[in-house]
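Note that these values count all heavy atoms, side chains included, but never hydrogens, waters or copies made by symmetry. Just so we're on the same page: letters track the sequence lines, and every chain starts at 1.
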Protein chains: 2
Amino acid sequence: MEASQHEDPPLNDKAPPSPAEPAETAPCTKALASLYARPGFKLRRAHQVSLSVFAEECRAFEVTTTQYGILVALRERPRMDQIGVAQALGLDRSTTGMVVGLLEARNLLQRSRHETDRRRRVLTLTPQGEALLEAIGPAAERARCRLLEPLSEEQARMLGELLDTLLEYHDRRVRVPLMRTEG
Amino acid sequence: MEASQHEDPPLNDKAPPSPAEPAETAPCTKALASLYARPGFKLRRAHQVSLSVFAEECRAFEVTTTQYGILVALRERPRMDQIGVAQALGLDRSTTGMVVGLLEARNLLQRSRHETDRRRRVLTLTPQGEALLEAIGPAAERARCRLLEPLSEEQARMLGELLDTLLEYHDRRVRVPLMRTEG
DNA sequence: ATCCAATAGTAAGACGTCTGTCAATATATT
DNA sequence: AATATATTGACAGACGTCTTACTATTGGAT
């Protein structure tokens, strides 16, 4: 209840006040070019930007991208257990447990025991969780659009495909693969 | 000195029981399609993969991508202060301070006071830091190559350009822009 | 010389993420 | 049935990341 008056994104107009920085130690932009060229560096930055844009657009709802992902997953597939959520989103078990705990504490989902397998915690959206998902939709969509704003439709499609190619290849080699299990 | 017997990457052969995964029968695969299609989701995954590949290739050196970035930055521009490092890498002041503290604790860099401006902490690589950078080079290069393995040279270039376009546009709008300090 | 705004850095807290380890429970093997 | 193995989830620890608030210091304005 402390976020209501923030219509405009900060826009960060204070960042480069005067290009004429003394830069006593740095005569070089070129020096770090090898670092900036690393795909991993760009992916870190891109992810950082993506989080930032989502956070700005969805600030009023106080949910992160990960929390949003878990809620969406539960809307699409009610009564998944934590492992199912983890595999569906490519998250660690521990990560999932922690974030689910946060969502439960905010009463956005409920964690109950599986009837026959008592190891499992069955997850269900609460009415509040469903309401939040309903309400956050446009903001999430705005975030997606704003992220892709500098790209043409063709470029956005291309970027998506390239990332898909990358991910499909590495998926199985990483410790936390995406399991598009039907369940 | 507890990492020496792990020549081959885990390869995670236990993940998908049947490689010929029929992604068509699953009605629930479709359910999360809207989530999987989000560029933010792909970027999170891609970043995750990137970290994982780097960690595997560079495991023997016990450095993360962020630590590696800071070390490289200091090699290229000795005697930067923490703010300079933060701006060069697009990191938060706090993040930078924390990671620099870790590197200092491992004696990979030295943190001294600026002569005339005593607020600043001037950072310098120690011989150990330089040696580590020297030694890690091939592994970092392997990580880069492995990450891009599924892409053709043309595709990798394209991906890099698309990410550049994305980042250039958002750079100033994000709270932590990249300051290619030179002037 | 004094005061104030800006800057460098730290501290505390929160979340995301992974690694390990451990307990409880389920399942498979004998 | 009894034991061995696998799985779910929790907990602890570590690192990365951002936010907010605070201290110390600098530098400029009066």
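- When distances run from any side-chain atom of A/D117 to the nucleotides C/dT25, D/dT17, C/dT17, the shortest one goes to C/dT25.
- A/E153 pairs by the side chain to side chain donor-acceptor pair (under 3.5 Å) definition with nothing, not counting sequence neighbours.
- Counting all heavy atoms, side chain and backbone alike, A/R119 lies closest to A/R113 at O-NH1, 3.3 Å.
- Within the 4.0 Å cut-off from OP1 or OP2 of D/dT17, at least one side-chain nitrogen or oxygen of B/T66 is found.
- Comparing D/dC18, C/dT25, D/dC15 against the side chain of B/T64 picks out D/dC15 as the nearest.
- Atom pair A/Q87:CD and C/dC18:P shows a separation of 13 Å (rounding to whole Å applied).
- Nucleic acid contact class of B/R93 (heavy atoms, under 4.0 Å, all strands): base.
- Checking D/dG16, C/dG16, C/dT25 against every side-chain atom of A/R118, the shortest atom distance belongs to C/dT25.
- Nucleic acid contact class of A/R113 (heavy atoms, under 4.0 Å, all strands): none.
- Following rounding to the nearest Å, A/Y68 (OH) and C/dG16 (P) show an atom-to-atom distance of 15 Å.
- One interatomic measurement links the two molecules: CZ of B/R120 to P of C/dG9, which rounds to 7 Å at whole-angstrom precision.
- Within residues 95-109 of chain B, the residues that place at least one heavy atom under 4.0 Å from DNA chain D are, in residue-number order, B/T95, B/M98, B/V99, B/L102.
- For the pair B/L51 CG and C/dT19 C1', the computed distance is 14 Å after rounding to whole Å.
- A straight line from NE2 of B/H114 to P of D/dT26 spans 11 Å, rounded to a whole angstrom.
- For the pair A/Y68/A/F61, no side-chain contact is recorded, criterion being any heavy-atom separation below 4.5 Å from C-beta on.
- Taking atom CE of residue A/M80 and atom C1' of nucleotide D/dT8, one finds them 15 Å apart after rounding to whole Å.
- Among the nucleotides D/dC18, C/dG9, C/dT25, the one closest to the side chain of A/Q48 is D/dC18.
- The separation between B/I83 atom CD1 and D/dA24 atom P is 18 Å, rounded to whole Å.
- Rounded to the nearest 0.5 Å, atoms CG (A/L132) and CZ (A/R106) are 7.0 Å apart.
- The salt bridge (Lys or Arg N to Asp or Glu O under 4.0 Å) search around A/E149 returns none, not counting sequence neighbours.
- As judged by a 4.0 angstrom heavy-atom cut-off over every strand, B/T116 is placed among residues touching the sugar-phosphate backbone only.
- At a threshold of 4.5 Å between non-hydrogen side-chain atoms, the residues A/P39 and B/L159 do not count as touching.
- Residue-to-nucleotide contacts include a donor-acceptor pair under 3.5 Å from the side chain of A/S94 to the base of C/dG20.
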Checking B/R111 against B/Q82 for the side chain to side chain donor-acceptor pair (under 3.5 Å) test, could you report, in this order, the C-alpha distance in whole Å, the side-chain angles of both residues, the deciding distance, and whether it holds?
CA-CA 9 Å; B/R111 205 161 22 170; B/Q82 293 187 184; 2.8 Å; yes
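- Listed candidates were C/dT10, C/dT17, C/dG9. Nearest to the side chain of B/R111 is C/dT10.
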Using the rule given for salt bridge (charged side-chain N to carboxylate O under 4.0 Å, His left out), can you reason through A/E56 versus A/R146, listing the C-alpha separation, both sets of side-chain angles and the distance that settles it, and then say yes or no?
CA-CA 11 Å; A/E56 268 176 26; A/R146 221 181 100 195; 2.7 Å; yes
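- A donor-acceptor contact under 3.5 Å links the side chain of B/R119 to the base of C/dT7.
- As a whole-Å value, the separation of A/D92 CG from D/dA12 P is 16 Å.
- Taking every side-chain heavy atom of A/L91 into account, C/dT17 is the closest of D/dT17, D/dA10, C/dT17.
- If you check C/dG9, D/dT17, D/dT8 against the side chain of B/Q82, the one that comes closest is C/dG9.
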